[in-house]
Amino acid sequence: MENTFELSVTVNGTSYQKVIDPRTLLSDFLRNDLELTGTHVGCEHGVCGACTIILNGDPVRSCLLFAPQVHGQEIITVEGLGTVDDMHPLQEAFREAHALQCGFCTPGFLTTLVPWLEENPNPTEEEIREAVSGNLCRCTGYQHIIDAVKLAAEKMN
Amino acid sequence: MKVEGEHLFSGTQQQVWDLFRDTEVMAAALPGTKKMELIGENTYEAVMNVRVGPVVGEFSGQLVISNEDHPTSYTMTVDGRGKPGFLKGVGDVILTNQGENQTLMGYTGEVQIGGKLVAVGQRLIDTVAKSIISQAFEILDNALAERESAEAEGREAAYRKSSESDYAATVAKDLIKNVLKRTGSSEDS
Amino acid sequence: MTYKVIGKRVKRVEDPRLLTGGALFVGDVNLPNMLHAAFFRSDYAHAKIKSIDTSLAKEIPGVVGVYTAEDMGEAWEPGPPLVSPPPTLEGVVFNSRRQVPLVKDKVKHAGEIIAVVVAESRYIAEDAVEEIYVDYEPLPAVTDLEKCLEPGHPLVHDDLDSNLAAYLVQNKGDYEAAKKEADLVLKRKFKLDRGAAVAMENRGIVVDWDQKNQHLMIWDTTQSPIPIRNGMAARLGLRTHQVRVVAPFVGGGFGPKIMMFYAEEMVLPWLTMKLNRPVKWIEDRKENFYATTQEREQVQEVEMALSKEGRILGIKQKIIHDTGAFDPYGLTTPLNTQSHSMGGYDVQNYNSELFVVFTNKIIVTPVRGAGRPQGIYVVERMLDIASKELKLDPRDVRRLNFIPKDAFPYNHEIIDQAFVELVLDSGNYLPAYEKALEKIEYDKFVQEEQPRLRAEGKYVGIGVVPFIETTGVGPYEGARVAVEPSGKISAATGVGTQGQSHMTSFAQIIAEELGVEVEDVSLVSGDTAEIHWGTGTFASRGAVVAGNAVLAAASDVRKKVLKLASKILETPEDELELEGGLVRVADIPEKSISLGELAVLANPFRGAVEPGTEPGLESTKYFGPAYGATAFGVHGMILEVDPETMMIKIHKYIAVEDCGTMLNPLVVEGQIHGGVSMGIGNAYYEKLHYDENAQLLNASLADYLIPTSAEMPHIEVYHENTPAPNNKLGTKGVGEAGAIPVPAAFAQALENALPDFNLEITETPLSPNRLYELLYKSEE
């Protein structure tokens, strides 16, 4: 590579230093360079929300950022929310309410909702519908996702 | 897509006619034009950088003038393609004398567009096309005036060139204008 | 029959991995030394290729190769026909024209592949695609379904006389005679337009040819891994054991991922064998709009003859069905349209003439619903219009025409998509319909709420539509179930998962049969190394066909378990029970042996296996139904139209579903919710806009709008249960059900909401713009 960028970034609590092509999309960096393939790419134009990650506490679309834009910053991906044996209450609630079918869009919903629930601990159905209206799901019709968020809010309170 | 409109020039039919056949002027007027030259009788070759929303890329193609009825009307055929897609259009241009030193240019045409340009940029094309045209007319107005004064002063005409940043600003302005127009009209009804 | 595990709202086994980012999708497969492919696709929908210049692309550092059809040589051949036409019908015309890996001379739809670049990274491959130059001679595009059959019209396939892909007539009774008896003969023309499946995961394929092992490994986002394996082996001149296809977690299918083969699936195996390196291609969203199959475009002319009481005397139909540029999927979709054009009604006279046409648009194959929504749409719309003409309550017209409970099995006397007679196996339609009316409070709405809201100036309306769904068709599926020495159960079936919860629902069947926990069952559903025979996940058949194969295999393992345990515990089989991973004597629970111990004993290391027995506690069984299991449902909605903006708000949505025995109600409800969301899209938001040059004008998720949580109503789901008589579980499919009745119910509700306008809806999808036009037009 003639042109490279030396990227330092903290992902799920681990610091990484990687030499990358500066035009690498953040989504590709996470998936290919860090092998964190839980972040999914569904549209590459910022509409579907599947690639959402938490950047310095806020949900952002990793397909719309170049990796160098997160230099020196802190990221949480779906892998950082919980593990198979120790899931986040929202992940537990998603399972309990059958809020996922194919599961492809799910990481984006989780990363959108985890920060949101912290700020909105007692949401109404209408508020939840609005909160997830930027994430597309083709399997569930969103209903069980709404149920899961209500359930998670109860669990977390 | 249908294209139509009109513009009043401060010049005679003959002057406007000549203006439109001057490749230097036309290249200056159309934003993103990298090259425009006459390659045969009434056939021009052009290379133009096109930017419609997220779609950017170079177009190259030919422009042919036919059905000439000097100095009142002609037909223009455009056929271009490039990475963002393709474009094919036919249009008629009519110049009518509107009194002393005033010429009304009317144009109607049908343009077919394909590829990425319509697949992704479709919602923006109309506004972008109008922006290009309105900006071109502004530059042509200036060019016409410059020609006249240059001729009077016996010097070479120096044309202002359309820059891509001017063009981008015009598009943004037009898009906002359109949005305002829409919200305005719904209040009216 | 009472079950302990089947029918329970069991949490899914597959979820923890999916929820924590640990599930493998095709896009996650990264191999050492892997190359990446990107495709050069035609911008033109119909054009001759004059020349292709790939020289600049080849010079880009990191590009390994750029290939065109010519480079493929002998390996270039079109895809196989997936489905042939029904051999049982007379006078069938079928012109089979299949998609090609790389275009040789003439492009037939925008998005067709002309060249492929292979490079060290996808970024480089895409750079190189930008440097490929193709000189075309554009041709007029074929887009209009009705005009395209006129003489002299441009041809998609130059070797044919016309754009006719197929023609057939299906007939039951004597429509013309019935018409003479009719009090009302209605004629209407319907236009049903195209939509996209929009699985959230785009397609993808990773291939790896192992030269030394002479083995081809394929990860593919397919709904049908076994047919892909078989077809690929045949295509490449390999034995089936030399090819392994894995469809790991697949991010939504909805039909288009059944297609075989997509051009990319034909090109990539050729590349890995040529270059001897793994190659990966993941479709991007724009490609998904241009290269992944679509559905629903039809023009129909329908005539319905009725008595003055509203009894349907007969239906006559002419369907023009758009198959796009090729017809690899045969007649499945339009046959489904015919199968559903009589709905769940007792119709004695039916005549349907089908024209399938080629156009320069993306290939058509089934999308969730697969021709069924179009059939239900026309019959339900005709009944609504007839009710108005006859001044009858539309509910009474339906009640009068339902196939009565005692008439099942009911033979509709035409051929369905499986080429067998369309026999509706069972049903009890009227109570489900009444339940829906009750749950949506129809009477209360029309008598109290609607007049009150109208007085307030609100446009609210109600629509309730019943529908059938033919499901669970053959040919067959298989399952293998085995007890491991650990006592855990391993199972496999050929129907891959795209979100249908196979790993849980099928585990419930096995857990029920073998007395183990659902979590102890590990089921592989999309790996050809695990099971040799099968077809795939489509046509709402998983729970019926694979489910019953799983049951058969588990039952057989149970028999083996009991036989061996009986010998060891010295107790007759009928005194034994399977519970908690043990076989125990019913009356003496402490006298028991674990399944694990039995599995070890069933596979002895020394000594002789008795003649006539097999080692292990394992069984592979198949299930193939003679004809499908037909589900039934009724959907109802109450909606409000904003007369200023034409925006719609659905205030109430109910679904009454009869899919026979439910394996897991949570999963059934999830399937319905998802189906309804696609149906709502098909009704009001989703339409693929093609212009007269067959250019797709909304090829992005910013322009093609699928419903978000803001458009979706809360859906109440209610269940009825008429078990399917032809399979042991009594299951009927439900995967596509949700999508089928929505456009028809939506149209009924819209007309009901706007009584002041002389509105008659005969097209779908609508949109705010289109509704405005219709209201404006009908006001004139």
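Just so we're on the same page: letters track the sequence lines, and every chain starts at 1.
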Please identify each residue that fulfils side-chain contact (heavy atoms from CB on, under 4.5 Å) with C:Ala753, with sequence neighbours left out.
-> C:Leu639, C:Val641

For C:Ala694, is it the side chain, the backbone, both, or neither that has a heavy atom closer than 4.5 Å to a heavy atom of chain B?
-> neither

Could you name the residues of residues 102-117 of chain B that have a heavy atom within less than 4.5 Å of a heavy atom in chain C?
-> B:Gln112, B:Ile113, B:Gly114, B:Gly115, B:Lys116

Kindly check if the number of other-residue, nucleotide or ligand heavy atoms within 6.0 Å of CD (B:Glu68) is above 12?
-> yes

Bottom line for C:Tyr290: the part with an atom under 4.5 Å from chain B's heavy atoms is side chain

C:Glu137, CD: over 12 other non-hydrogen atoms inside 6.0 angstrom = yes

Checking heavy atoms, do the side chain of C:Asn698, its backbone, both or neither come under 4.5 Å from chain B?
-> backbone

Neighbour count >12 (heavy atoms, 6.0 Å) for atom CD, B:Glu100 = no

Got a sec: does the NZ of B:Lys88 have more than 12 other heavy atoms crowding it under 6.0 Å?
-> no

Is any residue of residues 2-22 of chain B within less than 4.5 Å of chain C by heavy atoms, and which ones?
-> none

Neighbour count >12 (heavy atoms, 6.0 Å) for atom NZ, C:Lys58 = yes

What part of C:Tyr133 lies closer than 4.5 angstrom to a heavy atom of chain B: side chain, backbone, both or neither?
-> side chain

If contact means a heavy atom pair closer than 4.5 Å, which residues of residues 70-83 of chain B contact chain C?
-> B:Arg81, B:Gly82, B:Lys83

With rounding to the nearest 0.5 Å, note down the distance linking CG in B:Leu87 to CG in C:Asp43.
-> 12.0 Å

Kindly check if the number of other-residue, nucleotide or ligand heavy atoms within 6.0 Å of NZ (C:Lys48) is above 12?
-> no

Turns out that what part of C:Leu696 lies under 4.5 Å from chain B's heavy atoms comes down to backbone

